[in-house]
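Throughout, numbering of the chain's residues begins at 1 and tracks the sequence. Remember, predicted model here, so these are calculated numbers, not experimental data.
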Amino acid sequence: MTIWKYTEEKPKHLLVKLYKENHGEGDFLGDLDDDIIKKIILEIKPDIDINQAFGTLSYFGMLPILVIK
C-alpha cells in the first residue's frame, strides 16, 4: 500500500494522518506492506485497536490518529 503521513504537533496533542493516496499534505513513506504499516500505527499509538485502525485505513483511505499528551 502506498502511504503518506501528515503530522501536526500541538502542546497538548499530536495528530497524525495516514493516507493511502497523496492528498497534498504530508510526507511520502513509500509502498509498504501490511505488517510495516501496522508497526507504524502502533509506534504512534501503542494502545490502538490495530485491526480496526488498519481496516479504517484500508477501507476509507485515511486514518487520523489523535494522541493526547
What are the two closest heavy atoms between [X] and [Y], and how far apart are they?
X     : Y     : value
Lys45 : Ile65 : CB-CG2, 3.8 Å
Leu32 : Leu29 : CD2-O, 3.9 Å
Leu57 : Ile3  : CD2-CD1, 3.9 Å

If Ile, Leu, Val, Met, Phe, Trp and Tyr residues are connected whenever their side-chain heavy atoms lie under 4.5 Å apart, and connections chain through other members, are [X] and [Y] in the same group?
X     : Y     : result
Tyr19 : Ile50 : no
Ile44 : Phe54 : yes
Leu15 : Leu18 : no
Ile40 : Met62 : no
Phe28 : Tyr6  : yes

How long is the straight-line distance from [atom2] of [Y] back to [atom1] of [X], given to the nearest 0.5 Å?
X     : Y     : atom1 : atom2 : value
Asn51 : Ile41 : CG    : CD1   : 10.0 Å
Lys17 : Leu63 : NZ    : CG    : 11.5 Å
Lys5  : Asp27 : NZ    : CG    : 8.5 Å
Thr7  : Glu25 : OG1   : CD    : 10.0 Å

**Over 12 non-hydrogen atoms of neighbours within 6.0 angstrom of CD in Glu43** = yes

**Message:** Treating Lys20 as the side-chain partner and Ser58 as the backbone partner, does any N or O pair qualify as donor plus acceptor under 3.5 Å?
**Reply:** yes

**Message:** Is it the case that the side chain of Lys69 and the backbone of Lys10 share a donor-acceptor pair, with hydrogens and angles ignored and the cut-off at 3.5 Å?
**Reply:**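 Yes, Lys69 side chain to Lys10 backbone: donor-acceptor pair under 3.5 Å.
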
